[in-house]
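Naming convention: chains lettered A, B, ... in sequence-line order (proteins, then strands); numbering from 1 in each chain.
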Amino acid sequence: MDPIYNPQAIEPKWQKRWADLKLFETEADPARKKYYVLEMLPYPSGDIHMGHVRNYSIGDALARYMWMKGFNILHPIGWDAFGLPAENAAIKSQRHPSEFTFSYIDRMRAQLQRLGVSYDWRREIASCVPEYYRWNQWFFLKMYERGLAYRKKSRVNWCPKCETVLANEQVVNGCCWRHEDTPVVERDLEQWFLRITAYANQLLDDMKEMVRWPERVVTMQQNWIGRSQGAFVDFTVADLWKPLRIFTTRIDTIYGCTAVFLAPDHPLVDDLLANSKEPTRLRDEIERIKASSVRARVDVNLAKVGANTGFMARNPFNGEQVPIWLANFVLMEYGTGAVMAVPAHDNRDFEFCTEYHLPIKNVIVPVGTPPDQEASETLHATEEYGRLVASGPYTGLKSEEAIARMTRDAETRGFGKGTIQFRIKDWGISRQRYWGTPIPMIYCDTDGIVPVPESDLPVLLPPNVKLTGTGHSPLADVPEFVTTKCPKCGKPARRETDTMDTFVDSSWYFYRYTDPKISTAPINKDVVKYWFPVDQYIGGIEHAILHLIYMRFFTKFMRDIGLVDFSEPVARLFTQGMVIKDGAKMSKSKGNVVDPTKMFDKYGADTTRLYVLFAAPPEKDLDWNDAGVEGASRFLGRVYRLVAKHAENLKGVKAEALAQGGGNSLTPEERRLLRKAHQTLRHITEDMEERWHFNTDISNAMELVNELTELDAAVEAGKIRPAAHKTALEFLVITLSLFAPHVADELWEALGHSQPLLKVSWPAFDAELAAEDEIEYPVQINGKLRARIQVPAGAGEEEIRTRAQAEEKVIQHLNGLQVKKIIVVPGKLVSIVAK
RNA sequence: GCGAAAGUGGCGGAAUUGGCAGACGCGCCAGACUUAGGAUCUGGUCCCGCAAGGGGUGGGGGUUCGAGUCCCCCCUUUCGCACCA
């Protein structure tokens, strides 16, 4: 073997060997236990970045471990290939987005293959091919059949840079998720929506199955879905005899209601205007409030602004009339767009009512409050539950009781009902762009909206299209696409020209991997049954409430149409940290990008992977440091030389012979080396099962290398026999194969093996060999470390105590003191309390 | 404002259940080999102190024989949500 570590020769050699052996190709096999490792599929942007390297290195370490543990592994990769960047590049260069996309895929595939990840490349998918996206259309039609896809005109988020609509999930701090400094503007557009709200309750309830998901992600999804239980109550607009429905979660405070607040765009506002005695003033006020309303907000701490409409509303519980105000903080999109103002028990209402000198009426007191203190002055809102006062027949009830009873009474008396409101909205999927899945719908003057028949799928994206990026659907400019026949009446009709949000593509792609070529259905049910659920999904936290909620929604829908028989697709989720350099996320605009391929050229893929896993635990952000890569490179060089030096001699040696000897016949040096080897194996085995602190796994491997280096003289002196030496070296190579697989296979071969490491079973560590035979006990006196004693591992507490007291330094420090207590913690330390 | 996570040497980080703080690596210092070193190897490296010893995990308090770890208060950073009635 080459005496010098040369990754540029080793890595291509093994990548070719693995491919020739079809090492990573797997099939469903009901006789074997399966394990599905999934990493989030990349967008083909042109080049892989360090985030990809990190993601796939984590996944590969796990996949290779599970492989060696004997599982049948599904480990696929594909391309999230539709989307705006390719379209924007196409506009600039007047070429077709598919040119960019496919050439980028080729380039990134080559880069990924250099990384040497254990993918079954036969299963590669790209979402931009008709064989894939026709099933997006199929899912859409199935949803349409069931009333889960629908079209409506609504106010939508529009990104002026993307020139398209965004889903709520794609709006971040009022700005576009892809353009963080571009505020989203509102437009009223006819849009297609997927009724994710129909699954809101299930999306919440099924979280009980997501026990192996990061709590953070579960919480974020809970907040996003935002379920809240409350009641509608119908007030009446006094002069108009019109009902005005409000939503509240605190019906128990309704006797403290001193006003009703309307969103400025509430439908009743037009009525009020028409009947107002001072319409001019009111119209001005409305404009003013709209301008400062929550929806148009740029500032985070928006001041409360409002205006009195001059109208009154009647509270159905007590018949009181309260003024109707417009308020800038009331959202039309949530509840009913109208709220009752209870300034004594809601902070926002309090702030508003104080500002506009509206009365404040206290109706809740803490449960133990004596009667004479009930009428204390209100200086701030108290939002806690308590006991009702001044609340007619409900006075004296506790909040919980009152909520139940008042909701029931509102129902029986016909002016309200209990309800559950969600914060999550339906998923707007129409995009006014070209490079996406055409929405398979047809508009006919006679028959209205008509779905494309399933047999006519796919609706193909026309290849010849002029891309201008001017904010209307490019497909509308392609007459041969737009013009079609109505499937019902056969008369000329027009096709829908919007395309789907690309998050539709990624909502079910991981099912497709199990049988990527099937042409009769989106998925092969039987194969899905074998491979699912995904055992481990790995990706960035940024998808916590985008992709990761959409894919759950899709799975529930797939279950309801009989494609799958479970409700949650992913058993365990891992969210990796970002890759940071110089205190900021790597990005072209900041100029702090480290190009992985440059690292491959300079150090090799193994070193790059090893460094990325070593520099930080995988869930934390990773601070990139060029000097650290040098360290990883040096380490692999050291390992290589260590094995290369002895490989020739050890080739024919059998490793197992000594390891099974129970330790008795070993020389002290052998004992020491094998102890370290088994300790390392123990640490890494246990860590792979649960913790995944690859950084400490690698540091353990480094310690083993240090031990091997220190004991090298003993090897040469014959104090360590070849079998023991080889065992230690093999453990090192096996554990390294999870993180640096190419060099590991090279060394494994040099040690005389013909099968690659993936075919080797993960060895079991020997707890006896890993155990220390002497333990060093620190001895503390009054909490201060005073001495260390060596005690045989089997020693009892009494012996440890005696030895500690006999220690010279201990005697010195106890001089003149009286021992009160001696605490012996077996395996840990001795603590002496003295006065 | 609400919620979550975090704060440990010059740097990345380790300490899995309350038990020797700083593993491992980077950097730095010294030495060896060398024509040379940005290769390789060896030793050193939390702070104060010659030493004995003392101090030390954002700050302050507490529980405990013993606290980076548990409890209370405060500060800082990052992330998520942000008028959701």
_Please classify the nucleic acid contact of R786(A) as base, sugar-phosphate, or nothing, using heavy-atom distances under 4.0 Å._
sugar-phosphate
*Quick one: K585(A) NZ to U78(B) P, roughly how many Å, whole number?*
16 Å
*Have a look at D621(A) and say if it touches a base, only the backbone sugar-phosphate, or nothing, with a 4.0 Å heavy-atom cut-off.*
sugar-phosphate
*asked:* Against the six-membered ring of W224(A), is R552(A) placed for a cation-pi contact (under 6.0 Å from the centre, within 45° of the normal)?
replied: no
_Contact pattern, 5' to 3', of nucleotides 14-25 of chain B - B, S or - by protein heavy atom under 4.0 Å_ = SSB--BB--BBS
*Over how many whole Å does the gap from D252(A) atom CG to A85(B) atom C1' extend?*
13 Å
*Which is true for K820(A) with a 4.0 Å heavy-atom rule: it touches a base, it touches only sugar-phosphate, or it touches nothing?*
nothing
*Sidechain N-carboxylate O distance under 4.0 Å for K304(A), E355(A)*: no
*C1' gap between U57(B) and G7(B), integer Å*: 9 Å
_Residue pair T680(A) / N700(A), side-chain donor-acceptor N/O under 3.5 Å_ = no
_When the P atoms of A23(B) and C75(B) are compared, how many Å lie between them, rounded to an integer?_
34 Å
*Reading RNA chain B 5' to 3', what string of ( ), [ ], | and . shows its pairs, if Watson-Crick and G-U wobble pairs count only when both distances fall under 3.5 Å?*
(((((((..(((......[....)))((((((.......))))))(((....)))..(((((..]....))))))))))))....
*Within the structure, does a side-chain N or O atom of S228(A) lie under 4.0 Å from either OP1 or OP2 of A85(B)?*
yes
*Using a 90° cut-off around 0 for syn, call G38(B) syn or anti.*
anti
*Name the nucleic acid region contacted by K784(A), choosing base, sugar-phosphate or nothing; use a 4.0 angstrom heavy-atom cut-off, strictly under.*
sugar-phosphate
*Just call it for V833(A): base, sugar-phosphate, or nothing, with non-hydrogen atoms closer than 4.0 Å on any strand.*
sugar-phosphate
